[in-house]
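Take a look at the structure set out below.
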Amino acid sequence: TEVFCAVRMPGVVVAEEGNRGVGGPSASELTQSVTDIKGWFQRSPEDWSEATGAPSAEIQRLEKTLEKQIPRDLELLLGEANGGLWFMEKESFSVDKIRDQLMEYDGASWWRRGLIPFAGDDSCLLVVDTNLEDAVYEWDIGEEEPNDKIADGLGAYLEQYRDTLLGGGCEYIDGCGVVEKVGASRK
């Protein structure tokens, strides 16, 4: 069996060989993705000290609100960054904000049990749909159905987002979130 190891560097594309993983990234790969995302923000001129992990007791309280265990990938994300990050123009939610959103939307005609919002703005959410194998959707607030499926799972979404940030074509703008740099070429 051959083993290939690579260090991710901004602007470097690594050819992958061998068998690709099945079922999403491992816990260590996901932790590295979140660490890389946090690192990208920490290199910006803003203060990102609030992007610390949630204590396990807070995550357990969220699970009590949901009446089920949260997906592993979301637990790892919240354990590394309890809010304070941006997913493009959507701000990530803390455990408390997720619980507040769940209580606000509970009983709304458009809301479905099993959705867990992890980021959003005034009009749109990023949600993990625990009814559909933890797929990630963009969901307009008040709409009966999601806009788009953006990833098969949160781990895949975080890896893809990390790669986008480290590709060098984005910047953070206070109050707006992460945007593509003007004149940045798409790969």
Open item on the list: For the CD atom on Glu29, are there more than 12 heavy atoms of other groups (residues, nucleotides or ligands in this structure) within a distance under 6.0 Å?
Closed with: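 Enclosed: over 12 neighbouring heavy atoms sit under 6.0 Å from CD of Glu29.
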- [ ] For atom CD of Glu89, decide whether the heavy atoms of other residues, nucleotides or ligands shown that lie under 6.0 angstrom number more than 12.
- [x]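 Enclosed: over 12 neighbouring heavy atoms sit under 6.0 Å from CD of Glu89.
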Open item on the list: Check for me whether the distance between the ring centres of Trp40 and Tyr172 falls short of 6.0 Å.
Closed with: no
Can you see which heavy atom on [X] is nearest to which on [Y], and at what distance?
X: Ala27; Y: Arg72; result: N-NH1, 3.0 Å
X: Ala81; Y: Val34; result: CB-CG1, 4.4 Å
X: Asp73; Y: Gly155; result: OD2-N, 2.9 Å
X: Lys68; Y: Gly114; result: NZ-CA, 4.5 Å
X: Ser92; Y: Phe87; result: CB-CE1, 3.5 Å
X: Cys124; Y: Lys90; result: SG-CE, 3.6 Å

Task: Any residue meeting side chain to side chain contact (heavy atoms under 4.5 Å, CB included) with Ala57, in chain and number order, not counting sequence neighbours - done: none
TODO: Using the test side chain to side chain contact (heavy atoms under 4.5 Å, CB included), find all partners of Asp106 that sit at least two apart in sequence or belong to another chain.
DONE: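 Counting only residues at least two positions away or on another chain, Asp106 forms a side chain to side chain contact (heavy atoms under 4.5 Å, CB included) with Arg113.
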Atom [atom1] in [X], atom [atom2] in [Y]: separation rounded to 0.5 Å?
X: Leu30; Y: Glu75; atom1: CG; atom2: CD; value: 10.5 Å
X: Leu62; Y: Ser94; atom1: CG; atom2: OG; value: 10.0 Å
X: Ser56; Y: Gln60; atom1: OG; atom2: CD; value: 5.0 Å
X: Ile116; Y: Leu66; atom1: CD1; atom2: CG; value: 4.5 Å
X: Glu63; Y: Arg61; atom1: CD; atom2: CZ; value: 12.0 Å
X: Leu125; Y: Trp139; atom1: CG; atom2: CH2; value: 9.5 Å

Just so I know, are the side chains of [X] and [Y] near enough to count as touching, which here means a heavy-atom distance under 4.5 Å?
X: Trp111; Y: Pro117; value: yes
X: Asp36; Y: Leu166; value: yes
X: Leu154; Y: Pro71; value: no
X: Val178; Y: Phe41; value: yes
X: Leu115; Y: Val128; value: no

Task: Partner of Glu58 under side chain to side chain contact (heavy atoms under 4.5 Å, CB included), chosen from Ile98, Leu78, Val95 - done: Val95
Task: Derivation and outcome, side-chain contact (heavy atoms from CB on, under 4.5 Å), residues Glu80 and Thr31 - done: CA-CA 7 Å; Glu80 290 293 319; Thr31 300; 3.7 Å; yes
- [ ] Taking Lys38 for its side chain and Ser33 for its backbone only, find out whether a donor-acceptor pair lies under 3.5 Å.
- [x]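 The answer is no, because no donor-acceptor pair under 3.5 Å joins these two groups.
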TODO: For the pair Tyr161 (side chain) and Met88 (backbone), establish whether a donor and an acceptor sit closer than 3.5 Å, ignoring hydrogens and angles.
DONE: yes
Side-chain donor-acceptor pairs under 3.5 Å in residues 141-149, sequence neighbours left out?
| unit_1 | atom_1 | unit_2 | atom_2 | d |
| --- | --- | --- | --- | --- |
| Asn147 | ND2 | Asp140 | OD1 | 3.1 |
| Asn147 | ND2 | Asp140 | OD2 | 3.2 |
| Lys149 | NZ | Asp152 | OD1 | 3.0 |

Task: Path from Trp110 to Leu102 over hydrophobic side-chain contacts below 4.5 Å - done: yes
Open item on the list: Taking Val179 as the starting point, is it possible to reach Ile37 by hopping between hydrophobic residues whose side chains are less than 4.5 Å apart?
Closed with: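 Different clusters.
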Open item on the list: Using 30° and 60° as the class boundaries, would you call the ring planes of Phe118 and Tyr157 parallel, tilted or perpendicular?
Closed with: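 If you compare the ring of Phe118 with that of Tyr157, the planes turn out perpendicular.
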Task: Basic-acidic side-chain contact under 4.0 Å: Arg112, Asp129 - done: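 A salt bridge is present here (some side-chain N lies under 4.0 Å from a carboxylate O).
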Open item on the list: Does this structure show an ion pair linking Arg99 with Asp96, if we count only N-O contacts that are shorter than 4.0 Å?
Closed with: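 Looking at Arg99 and Asp96, the cut-off is met.
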